[in-house]
Amino acid sequence: MKATLILENGSIFEGQSIGSTEDCACEMVFNTSMVGYQEILTDPSYAGQGVVMSYPLIGNYGVNSEDNESSRPWGEAFVVRHLSRRGSNFRCEGDLDDYLKEHGITGIQGVDTRAITRILRSQGTMNGMITCAEDFCIQDVLKTVEAYRVKGTVERVTRKAVQVYPPLIRQKLRVALMDFGVKGNMIRCLQSRGCEVTVFPAHTTAQEILAGRYDGVMLSNGPGDPSDNVAIIQEIRDLYDAGIPIFAVCLGHQLMALATGASTRKMRFGHRGANHPVKDLDAGRVFITSQNHGYVVCAESVSPEVAAVSHVNVNEGSVEGLRYKNGNVYTVQFHPEASPGPKDTEYLFDRFIRRMEGGAW
């Protein structure tokens with residue numbers, strides 16, 4: 001079946017339908033990863049967004065139940081150059097097209113995803129729509145596309161009840177994890193280090209967290225504009241003032257910055273991929289990181305009395321981490337639980353464990 005992608009700037013790309021045939025308007029972003037498409041689709045940080053995969057061949061190793069980062073896919077739409085007709089891998093349990101259909105994700109293949117990527121890089125992230133309609137009014141489509149907003153995404157992706165995950169080795173510590181859109185491997189990274197992880201819904205109060213007398217708090221990744229989460233930011237400020245060890249990632253990193261007086265801004269096209277070089281200024285080393293964010297902490301807004309920049313993006317110098325002067329808070333923009341290195345940046349979890357045990361970061 002024919003499908004058409006229409007971008008907010010009026011660009012039109014014709015291809016073939018994959019997945020659901022329902023019309024889908026969303027914010028279009030690109031990801032430069034060559035693999036990991038299932039982890040990308042199930043990353044809650046993509047709620048409200050359609051993903052354009054710049055690498056041309058997607059789906060060649062199929063899908064399986066082990067690679068999901070959450071209970072369901074959150075990407076709204078999926079755009080690829082060529083979708084493999086079948087998956088070939090010893091872990092394969094099905095093909096990607098059936099997976100998209102099963103979960104109602106609208107997609108398109110047969111379009112020049114590198115050309116689309118160049119548009120999004122040069123003109124910035126923009127909205128778009130995929131439709132399977134043979135006849136559509138471009139003016140009506142553009143009105144729908146322009147009206148779309150990514151809103152209320154943290155409320156959509158967070159769990160509704162508290163869940164406890166036992167440690168995978170002898171228990172050492174108890175961690176409270178705030179779920180703003182957490183990925184499964186983030187929980188497993190703590191479990192594998194001897195932590196009992198209690199995962200709380202996003203709007204849990206600081207008072208409830210502190211009443212549990214946990215050894216530390218982790219603030220997870222998540223979708224959307226961090227400044228929309230006004231009530232959550234206040235609770236994070238209360239956790240900061242309490243002096244409990246806190247490790248924050250991605251959206252959690254941005255929320256902590258806002259809670260302590262810094263500001264954030266929307267990036268032109270964001271960082272999404274498994275190949276972003278980040279320098280740890282303390283270690284003097286560069287790590288290849290996995291990233292997925294469209295907002296960034298403004299370096300000039302960070303008070304030197306509150307925090308110091310600990311990590312920077314090698315490509316363009318943006319803030320990738322903050323070390324707080326109170327000694328109990330450390331945050332990073334990238335995803336240390338992901339595996340581009342494959343496990344180079346998991347040392348940050350070890351630092352968190354050390355701090356909860358009374359040592360230094």
Side-chain angles (χ1 to χ4, degrees), residues 1-9 11-43 46 49-69 73-123 125-134 136 269-276 290-292 338-340:
M1 181 182 293
K2 176 184 174 182
T4 307
L5 168 64
I6 304 100
L7 295 179
E8 191 173 354
N9 68 351
S11 298
I12 297 175
F13 296 86
E14 294 185 350
Q16 298 82 46
S17 171
I18 58 174
S20 171
T21 57
E22 294 293 321
D23 288 357
C24 179
C26 53
E27 182 180 60
M28 289 294 175
V29 300
F30 67 88
N31 189 298
T32 57
S33 300
M34 297 172 66
V35 294
Y37 46 81
Q38 188 176 342
E39 290 90 338
I40 290 166
L41 284 167
T42 55
D43 180 352
Y46 281 109
Q49 297 176 327
V51 184
V52 179
M53 300 298 294
S54 63
Y55 186 71
L57 176 62
I58 300 296
N60 52 309
Y61 55 87
V63 296
N64 67 79
S65 55
E66 295 179 1
D67 286 349
N68 290 327
E69 286 291 352
W74 290 101
E76 309 289 339
F78 204 51
V79 182
V80 301
R81 176 69 182 91
H82 176 73
L83 184 73
S84 180
R85 288 183 296 174
R86 63 172 182 238
S88 178
N89 185 275
F90 74 98
R91 298 169 66 238
C92 178
E93 298 173 359
D95 67 67
L96 182 55
D97 189 26
D98 288 341
Y99 183 81
L100 296 174
K101 287 183 170 70
E102 177 187 354
H103 293 283
I105 299 171
T106 301
I108 184 172
Q109 72 159 332
V111 293
D112 189 341
T113 54
R114 294 185 178 182
I116 298 170
T117 297
R118 287 174 66 90
I119 290 173
L120 298 178
R121 278 182 60 89
S122 61
Q123 300 181 35
T125 295
M126 64 183 71
N127 293 343
M129 174 185 276
I130 298 175
T131 180
C132 292
E134 287 289 337
F136 56 85
F269 50 81
H271 294 156
R272 297 175 181 89
N275 54 0
H276 290 264
S290 177
Q291 302 201 13
N292 173 20
S339 304

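Numbers for residues simply follow the sequence, beginning at 1.
Considering CD1 of Ile40 and CD of Gln49, their distance stands at 12.0 Å, rounded to 0.5 Å. With rounding to the nearest 0.5 angstrom, the SG atom of Cys24 is 12.0 Å from the CD1 atom of Ile108. Here the NZ-SG distance, from Lys2 to Cys132, works out to 10.5 Å after rounding to the nearest 0.5 Å. Taken to the nearest 0.5 Å, the CD1 atom of Ile105 stands 11.0 Å off from the CD1 atom of Ile130. Taken to the nearest 0.5 Å, the CE atom of Met28 stands 8.0 Å off from the CD1 atom of Ile116.
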Show the atom names and distances, to 0.1 Å, of all donor-acceptor pairs under 3.5 Å that link a side chain in residues 52-62 to residues at least two apart or in another chain.
| from | atom 1 | to | atom 2 | distance (Å) |
| --- | --- | --- | --- | --- |
| Ser54 | OG | Asn31 | O | 3.3 |
| Tyr61 | OH | Gly36 | N | 2.7 |

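With sequence neighbours left out, Glu8 forms a salt bridge (Lys or Arg N to Asp or Glu O under 4.0 Å) with no residue at all. Residues that satisfy the salt bridge (Lys or Arg N to Asp or Glu O under 4.0 Å) test with Glu134, not counting sequence neighbours, are absent from this structure. Evaluation of the side chain to side chain contact (heavy atoms under 4.5 Å, CB included) rule for Glu22 yields Ser20, Thr106 as partners, not counting sequence neighbours. The side chain to side chain contact (heavy atoms under 4.5 Å, CB included) test applied to Arg91 returns Asn64, Glu66, Asp67, Asn89, not counting sequence neighbours. Take Asp97 and apply the side chain to side chain contact (heavy atoms under 4.5 Å, CB included) test, not counting sequence neighbours, and it matches Ile18, Leu83, Asp95, Lys101. The side chain to side chain donor-acceptor pair (under 3.5 Å) test applied to Thr131 returns Asp23, not counting sequence neighbours. Under the salt bridge (Lys or Arg N to Asp or Glu O under 4.0 Å) criterion, Glu39 pairs with no residue, sequence neighbours left out. For Gln123, the side chain to side chain contact (heavy atoms under 4.5 Å, CB included) partners are Asn9, Ile119, Met126, not counting sequence neighbours. Under the ring pair (Phe, Tyr, Trp, His ring centres under 6.0 Å) criterion, Phe30 pairs with Phe269, sequence neighbours left out. Judged as a salt bridge (Lys or Arg N to Asp or Glu O under 4.0 Å), and not counting sequence neighbours, Glu93 has no contacts.
Residue pairs meeting the ring-ring contact (aromatic ring centres under 6.0 Å, His included) criterion with at least one partner in residues 76-101, sequence neighbours excluded, are Tyr99-His103.
Proximity of Arg272 to Val51: side-chain heavy atoms (C-beta onward) are nowhere separated by under 4.5 Å. With contacts defined as side-chain heavy-atom distances shorter than 4.5 Å, the pair Ile6/Phe136 qualifies.
The two atoms that bring Arg81 and Asp112 nearest to each other are CD-CA, 4.2 Å, heavy atoms only. The nearest pair of heavy atoms linking Thr125 to Glu27 is CG2-CG, 3.4 Å.
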Go through Ile12 and Thr4 one step at a time and tell me if the side chain to side chain contact (heavy atoms under 4.5 Å, CB included) criterion holds. CA-CA 7 Å; Ile12 297 175; Thr4 307; 3.5 Å; yes

As a quick check of understanding, evaluate side chain to side chain contact (heavy atoms under 4.5 Å, CB included) for Leu96 and Leu41, giving each step before the final call. CA-CA 11 Å; Leu96 182 55; Leu41 284 167; 4.0 Å; yes

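Looking at Ser33, its side chain does come within 3.5 Å of a backbone N or O of Ala274 through a donor-acceptor pair.
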